[in-house]
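See structure below.
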Amino acid sequence: MRPTPPREEPLRVMPWWLVLVGLLVAALLGWLVLDWLLGEADRAAQPDTRATLRIDAIRTGLTVVAGTGGGLALLLAARRQWIGERAQRHQEAVAAQDQAHRERVQAHTEAVAEAGQRHQERQAEAAEHDAAERRLTELYTGAVELLGNDNAAVRLGGLHALERLGQDNTAQRETIVAVLCAYLRMPAPQDDAREAEVRRTAQRVLTRHLRADDDAFWPGVRLDLTGARLDGFDAAGCTLDDADLTGAVCAGTTSLAGATVRGRLRLGATFADLVCDDLRGDADIVLDDAEITGRVSFERADLAGDLSCRQAIICRASFRRATLHRTATFDAAHFTHSVTFREAFFLSGVSMDRATIAGYAGFRLARFGDLALFRWTKFGDRTSFEGARFDGIANFGRSRFHGPVTFEGATFARPPLVEHARATAGDPHVWPKGTTVGRLDDD
């Protein structure tokens with residue numbers, strides 16, 4: 001804020017008669033002095049002395065008149081100087097105000113010009129945005145129309161057109177992924193090789209953009225493949241967020257090997273083979289009600305979330321050297337052939353209540369960091385807990401062992417619970433020290 005200049009009193013014009021009065025006063029003063037001095041000179045006795053005194057009186061009177069006139073002249077000169085200085089200050093103030101006014105006018109002009117420029121730029125941006133949106137809409141609509149064509153080659157072109165559109169436009173990726181997933185969820189004609197190739201291409205388009213080490217990575221993509229029909233779905237090395245394959249039918253080998261999973265991974269589907277070796281991440285993995293006719297493998301997986309395989313039907317399973325940080329649940333799961341947890345590490349609890357293992361059940365060198373529940377579990381051909389370590393409670397209550405069992409070298413922090421557990425009488429068994437298991441024949 002600029003300081004307010006001091007207010008000056010309006011200039012008054014000196015009247016002409018005031019100068020005349022000053023001159024008259026000077027003359028009158030000189031005359032009075034001269035008259036008084038002459039009167040004093042006339043009192044002298046000697047004529048010579050009287051003449052000298054009269055001359056001095058006249059000289060003194062003239063001096064008084066001159067001095068008074070000089071004083072008046074000095075006063076007039078001082079007034080003239082003061083008026084000049086005041087005029088100079090006034091001129092400077094007027095010049096400053098004029099300069100400030102010109103600056104305000106210039107700033108206002110520049111502000112108006114800048115506002116007009118911004119308005120024009122916004123209009124240009126809006127027009128460009130509208131044109132780009134229209135172009136995107138046209139490209140998207142055209143690609144979707146190609147995807148719905150009866151010709152398989154045209155549908156392949158539609159897939160690649162959608163992929164290019166998503167690669168060039170970040171905001172469209174979620175929509176494009178949703179369209180591709182919806183296409184895979186649609187019913188597929190049986191024994192149509194061309195359609196099968198189109199669907200495999202759609203799968204590759206999806207997984208190609210889920211690898212974080214690739215320049216074509218699309219972060220934050222969520223896959224909704226519920227009820228889809230997939231063939232050889234290969235998401236190895238991908239980064240998956242909230243992927244859902246519930247109810248899907250997956251032919252061939254479904255691979256999540258080396259993938260990173262976050263959020264929730266729903267795998268309650270039908271698989272021929274499921275490979276999850278070296279899987280990483282904090283996702284909750286749900287295999288509830290899954291049916292795996294071949295092999296499922298979680299070897300060397302490092303799972304920071306919950307693992308749930310309730311009521312899953314699995315032929316062969318391998319969790320060799322897997323690390324499970326949170327609860328693993330296999331309640332009522334049915335392993336039609338074999339399962340191995342060799343050197344697996346359960347940091348939290350594990351539950352296999354009412355599970356059925358028809359073939360080999362291997363827990364050799366496995367480590368159970370917390371509660372281990374095997375209640376009502378049915379073990380089949382052969383069971384091995386050789387060298388296993390139980391740091392928490394181990395409960396085998398009412399479990400059934402239909403083949404040889406060995407706990408050789410196993411260590412327990414607490415005595416295992418084996419109430420009402422049963423095992424075959426004719427097979428060689430190695431039970432934990434101090435444990436007695438009844439004969440299965442006495443059941």
Side-chain angles (χ1 to χ4, degrees), residues 173-174 177-178 180-181 184-185 203 206-214 217-228 230 232-250 253-271 273-292 295-314 317-333 339 341 344-352 368-370:
R173 292 173 180 175
E174 184 175 352
V177 169
L180 296 178
C181 290
L184 292 173
R185 291 197 303 268
Q203 294 174 187
L206 285 175
T207 57
R208 184 158 45 238
H209 300 286
L210 295 177
R211 294 179 173 88
D213 57 350
D214 197 307
F217 178 56
W218 294 359
V221 169
R222 291 171 172 80
L223 300 182
D224 182 7
L225 295 170
T226 55
L230 306 175
F233 186 72
D234 185 7
C238 292
T239 298
L240 302 177
D241 295 290
D242 294 328
D244 191 352
L245 277 72
T246 303
V249 177
C250 304
T253 299
T254 301
S255 178
L256 302 177
T260 300
V261 290
R262 295 190 289 260
R264 195 171 182 86
L265 181 60
R266 299 174 178 87
L267 299 175
T270 299
F271 297 94
D273 291 293
L274 176 61
V275 179
C276 299
D277 295 342
D278 301 298
L279 191 69
R280 298 288 185 273
D282 57 0
D284 293 334
I285 301 176
V286 181
L287 278 158
D288 295 348
D289 300 309
E291 183 176 352
I292 303 172
R295 177 175 178 268
V296 59
S297 175
F298 280 85
E299 294 185 0
R300 299 175 304 279
D302 191 347
L303 309 181
D306 292 335
L307 173 65
S308 179
C309 296
R310 293 182 176 90
Q311 297 180 343
I313 301 175
I314 302 172
S318 176
F319 289 82
R320 192 185 302 264
R321 296 183 181 177
T323 302
L324 296 91
H325 295 261
R326 297 183 62 179
T327 303
T329 305
F330 298 87
D331 294 346
V339 59
F341 290 91
F345 189 6
F346 298 91
L347 277 76
S348 187
V350 57
S351 176
M352 297 189 71
F368 301 88
D370 203 340

**Asked** Among Thr260, Leu279, Leu256, whose side-chain contact (heavy atoms from CB on, under 4.5 Å) with Leu240 holds?
**Response** Leu256
**Request:** Could you pull out all residues at least two apart from Asp284 that satisfy salt bridge (Lys or Arg N to Asp or Glu O under 4.0 Å)?
**Result:** Arg264
**Prompt:** Quick one: CZ on Arg222 to CZ on Arg262, what's the gap to the nearest 0.5 Å?
**Reply:** 9.5 Å
**Asked** How far apart are the C-alpha atoms of Phe368 and Phe345, what are their side-chain angles, what is the distance that settles it, and do they pass the ring-ring contact (aromatic ring centres under 6.0 Å, His included) test?
**Response** CA-CA 6 Å; Phe368 301 88; Phe345 189 6; 9.5 Å; no
**Asked** Do Asp331 and Ser351 get their side chains close enough for a donor-acceptor pair, meaning under 3.5 Å?
**Response** yes
**Asked** Roughly how far, to the nearest 0.5 Å, is CG of Asp224 from OG1 of Thr246?
**Response** 8.5 Å
**Message:** I need the single residue from Asp244, Thr207, Leu245, Leu210 that forms a side-chain contact (heavy atoms from CB on, under 4.5 Å) with Leu223. Which is it?
**Reply:** Leu210
**Message:** Students often mix this up, so state it plainly: with edges at 30° and 60°, are the rings of Phe298 and Phe319 parallel, tilted or perpendicular?
**Reply:** parallel
**Message:** For the OG atom of Ser297 and the CG atom of Asp273, what is their distance to the nearest 0.5 Å?
**Reply:** 10.0 Å
**Prompt:** Taking C-beta and beyond as the side chain, do Thr329 and Asp306 meet within less than 4.5 Å on heavy atoms?
**Reply:** no
**Pairwise distance CG(Leu225) to CZ(Arg185) - rounded to 0.5 angstrom** = 7.5 Å
**Item:** Separation between CG of Leu347 and OG1 of Thr327, rounded to the nearest 0.5 Å
**Value:** 11.0 Å
**Prompt:** Quick one: ring-ring contact (aromatic ring centres under 6.0 Å, His included) partners of Phe233, sequence neighbours excluded?
**Reply:** none
**Item:** Nearest-0.5 Å distance that lies between atom OG in Ser348 and atom NE2 in His325
**Value:** 11.0 Å
**Prompt:** Can you name the salt bridge (Lys or Arg N to Asp or Glu O under 4.0 Å) partners of Arg320, sequence neighbours left out?
**Reply:** Glu299
**Message:** If the condition is side chain to side chain contact (heavy atoms under 4.5 Å, CB included), which residues does Glu174 pass it with, not counting sequence neighbours?
**Reply:** none
**Message:** Counting only heavy atoms from other residues, nucleotides and ligands, does the tally under 6.0 Å from CZ of Arg173 exceed 12?
**Reply:** yes
**Request:** State which residues pass ring-ring contact (aromatic ring centres under 6.0 Å, His included) with His209; sequence neighbours excluded, sorted by chain then number.
**Result:** Trp218
**Asked** Arg326 and Leu303: side-chain contact (heavy atoms from CB on, under 4.5 Å), yes or no, with the steps?
**Response** CA-CA 8 Å; Arg326 297 183 62 179; Leu303 309 181; over 6 Å; no
**Prompt:** Which atom names give the shortest non-hydrogen contact between Asp282 and Gly263, and what distance separates them?
**Reply:** OD1-N, 4.2 Å
**Item:** Stepwise side-chain contact (heavy atoms from CB on, under 4.5 Å) check, Leu267 with Ile285
**Value:** CA-CA 7 Å; Leu267 299 175; Ile285 301 176; 4.1 Å; yes
**Request:** Take Gln203 and Leu230 through the test side-chain contact (heavy atoms from CB on, under 4.5 Å) and record every step on the way to the result.
**Result:** CA-CA 8 Å; Gln203 294 174 187; Leu230 306 175; 3.5 Å; yes
**Asked** Which heavy-atom pair separates Ala259 from Ala235 by the least distance, and what is that distance?
**Response** CB-O, 3.9 Å
**Message:** Can you give me the closest heavy-atom contact between Ala301 and Cys276, atom names plus distance?
**Reply:** CB-O, 4.1 Å
**Message:** Restricting to side chain to side chain contact (heavy atoms under 4.5 Å, CB included), what partner residues turn up for Asp370, sequence neighbours left out?
**Reply:** none
**Request:** Quickly, which of Thr254, Val339, Ile314 forms a side-chain contact (heavy atoms from CB on, under 4.5 Å) with Val296? Name it, please.
**Result:** Ile314
**Side-chain touch Phe330/Leu307, heavy atoms, less than 4.5 angstrom** = yes
**Asked** Please walk me through it: do Phe346 and Thr323 pass side-chain contact (heavy atoms from CB on, under 4.5 Å)?
**Response** CA-CA 6 Å; Phe346 298 91; Thr323 302; over 6 Å; no
**Minimum heavy-atom distance Ala333-Cys309, with the two atoms named** = CB-O, 3.5 Å
**Message:** Restricting to non-hydrogen atoms, name the atom on Arg300 and the atom on Arg280 that form the minimum distance, rounded to 0.1 Å.
**Reply:** O-NH1, 2.8 Å
